**Student:** 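Just passing along the structure, written as structure tokens.
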Amino acid sequence: MVPEAILTILSTLTNAGEQAYLVGGCVRDFMLGRRINDWDITTSAKPERVQALFEKTVPTGIAHGTVTVIYDQAKAEVTTFRADGEYKDHRHPEQVQFVGNLTEDLSRRDFTINAMAMCAGGSITDLFGGREDLAKKTIRCVGKAEARFTEDALRMFRAYRFSAQLGFIIDDSITEAVAYCKPLAKELSAERIRDELEKILISDRPEMLHTLAEQGLLERFGIEKSNPIISLSTLPAERLVRWSGAFVCYPQLSKNVLRFDKYSQRLAAQTAELWNIPYSRQGCKHLIAEYGADVAACYAKGKGHFIDYEAILASGECVELSQLAVSGSDIPFSGPLVGKTLSEMLNYVLEHPEENKKDLLLARFLEQ
Ligand code: ATP
Ligand code: MG
């Protein structure tokens, strides 16, 4: 069902004499009966008109013709019909010319299943056989795959991403074009690739990552062939757990080439390094102490022992310096030896939880 508020946004535009359609992913997911994340609307109205017609708007990407309209708790990204290419007018690369109509707008889209529009009444505009490809569960480009990948090489990654998310097959025309166009992947920004890889990894078919490796799409990271040494789909579908699994299969990916934020990078890479350690309760306590609770949690999840990890934390047993009965101020000397002594005490307490007592520890470690 399309929410009432979204229908109102559409009718506000059409009542003002503009054309307006739902478009892209939301139409595809609507037809598949899948949960819809974002409502995208394509319209003949220029951004200033859209801003004037609605009370609450956010200029999300005015240069590309996109205004976010907020109405009655619902939100839609409303984009003016545009022709292909953000840089059509080379003299003014930041300014898109809104010369398009619905047909042109649909032609610039990547795959047939992503290139359908739906009006408020529910009728579908399908110029490229999207409906048929939905029925055949097939990912196929709008137009010639090779030309479309040459325009934007990210579409190669997007093809495998949608295949992983939807469980669709990739049309042979795409596989053939990828074999030819794969060197273009080198020109893409690492962030754009990372975002697509991440969607593959958290999908129901994370093993698609190996298909990308096989097809040569990861060559820019130094990955020449697939290396499925762990079963990614058996890991919980959590972002950093799956990334660390990916790093185990392809250590080359973890060398910061994907430009993660520092926290994610550290956590997934350290977890990957721990992967070969068999899980034990005692071992997990040491990992919490040494690497921090977040890395240990990620490791425990990957190993299928998260419940045990949570039980360790709930037990109140000392696993971190902050829980140690002794603190730096209890130690009668200063300098680097303080930290060393505290960490020796922590290591001892990890093995002897009942001895986490100030007097016992001070006696044991200081009076020798
Ligand atoms: P999701 O549910 O993952 O958001 P989506 O289909 O909405 O899937 P988006 O990346 O949000 O995917 O893009 C919205 C729409 O914009 C697509 O359905 C497609 O029509 C078009 N699109 C996005 N990226 C490209 C691209 N690189 N080339 C051509 N068309 C694209
Ligand atoms: Mg979307």
Side-chain angles (χ1 to χ4, degrees), residues 2 6 21-43 60-61 64-69 74-88 96 100-118 124-131 133-134 137-168 170 174 177-178 181 184-185 187-189 191-206 208 217 237 239:
V2 181
I6 299 293
Y21 304 86
L22 291 168
V23 72
C26 62
V27 176
R28 175 198 69 220
D29 290 341
F30 179 82
M31 293 173 82
L32 288 172
R34 283 168 61 93
R35 211 178 80 89
I36 294 167
N37 302 318
D38 319 304
W39 295 96
D40 292 325
I41 291 175
T42 185
T43 179
T60 327
H64 303 118
T66 305
V67 172
T68 301
V69 172
K75 201 170 77 173
E77 294 226 322
V78 180
T79 305
T80 310
F81 290 153
R82 60 178 220 233
D84 196 11
E86 267 117 66
Y87 305 101
K88 206 172 188 202
V96 179
N101 50 38
L102 181 64
T103 303
E104 272 193 85
D105 187 274
L106 294 178
S107 326
R108 76 175 167 88
R109 294 176 185 270
D110 46 8
F111 306 111
T112 58
I113 58 167
N114 286 350
M116 290 182 279
M118 183 164 96
I124 302 282
T125 306
D126 173 20
L127 307 174
F128 308 103
R131 229 189 303 233
D133 284 336
L134 276 186
K137 295 181 179 279
T138 299
I139 312 285
R140 185 195 318 275
C141 287
V142 170
K144 289 256 183 299
E146 200 179 305
R148 305 312 310 281
F149 296 161
T150 309
E151 278 169 10
D152 180 0
L154 192 74
R155 292 173 185 154
M156 298 189 279
F157 292 84
R158 288 174 58 86
Y160 292 94
R161 186 260 277 195
F162 286 115
S163 167
Q165 287 179 325
L166 303 171
F168 280 25
I170 302 238
I174 290 188
V178 165
C181 296
L184 300 174
E187 284 156 36
L188 293 168
S189 83
E191 289 87 343
R192 289 182 84 201
I193 296 182
R194 180 203 57 209
D195 291 348
E196 296 301 325
L197 296 185
E198 186 158 300
K199 287 179 181 166
I200 290 173
L201 283 175
I202 59 178
S203 76
D204 288 345
R205 296 165 195 81
M208 189 64 72
L217 279 173
R239 179 177 168 258

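Every number for a ligand or one of its atoms is a count from 1 in the order of the listing. If you're wondering where the values come from, they're calculated on a predicted model, not measured in any experiment.
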**Student:** Looking at the Mg ion (ligand 2), which N/O/S atom of Asp38 is the nearest one?
**Tutor:**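 Of all N, O or S atoms belonging to Asp38, OD2 is the one nearest the Mg ion (ligand 2).
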**Student:** Between Arg34 (side chain) and Cys26 (backbone), is there a donor-acceptor pair under 3.5 Å?
**Tutor:**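 No: the side chain of Arg34 does not pair with the backbone of Cys26.
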**Student:** Looking only at non-hydrogen atoms, find the nearest pair between Cys141 and Arg148 and report the distance.
**Tutor:**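 Nearest heavy atoms, Cys141 then Arg148: CB-CG, 4.3 Å.
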**Student:** Distance under 4.0 Å, heavy atoms only, partner ligand 1: which residues pass?
**Tutor:**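 Close residues (ligand 1, cut-off 4.0 Å): Gly24, Gly25, Arg28, Asn37, Asp38, Asp40, Arg108, Arg109, Asp110, Asn114, Asp152, Arg155, Arg158, Arg161, Phe162.
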**Student:** For Leu188, which residues count as a side chain to side chain contact (heavy atoms under 4.5 Å, CB included) partner, sequence neighbours excluded?
**Tutor:**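 Partners of Leu188 under the side chain to side chain contact (heavy atoms under 4.5 Å, CB included) test: Asp152, Ala153, Leu154, Phe157, Arg192, Ile193, Arg220.
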**Student:** Quick one: CG on Leu166 to CZ on Phe111, what's the gap to the nearest 0.5 Å?
**Tutor:**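 One gets 10.5 Å once the value is rounded to the nearest 0.5 Å.
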**Student:** Considering non-hydrogen atoms only, spot the tightest contact between Leu22 and Trp39 and give its length.
**Tutor:**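 Closest pair (atom of Leu22, atom of Trp39, distance): CD2-CE3, 3.8 Å.
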**Student:** Under 3.5 Å, is there a donor on one side chain and an acceptor on the other for Thr66 and Thr60?
**Tutor:**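 Their side chains do not contain a donor-acceptor pair, so the 3.5 Å distance test is not met.
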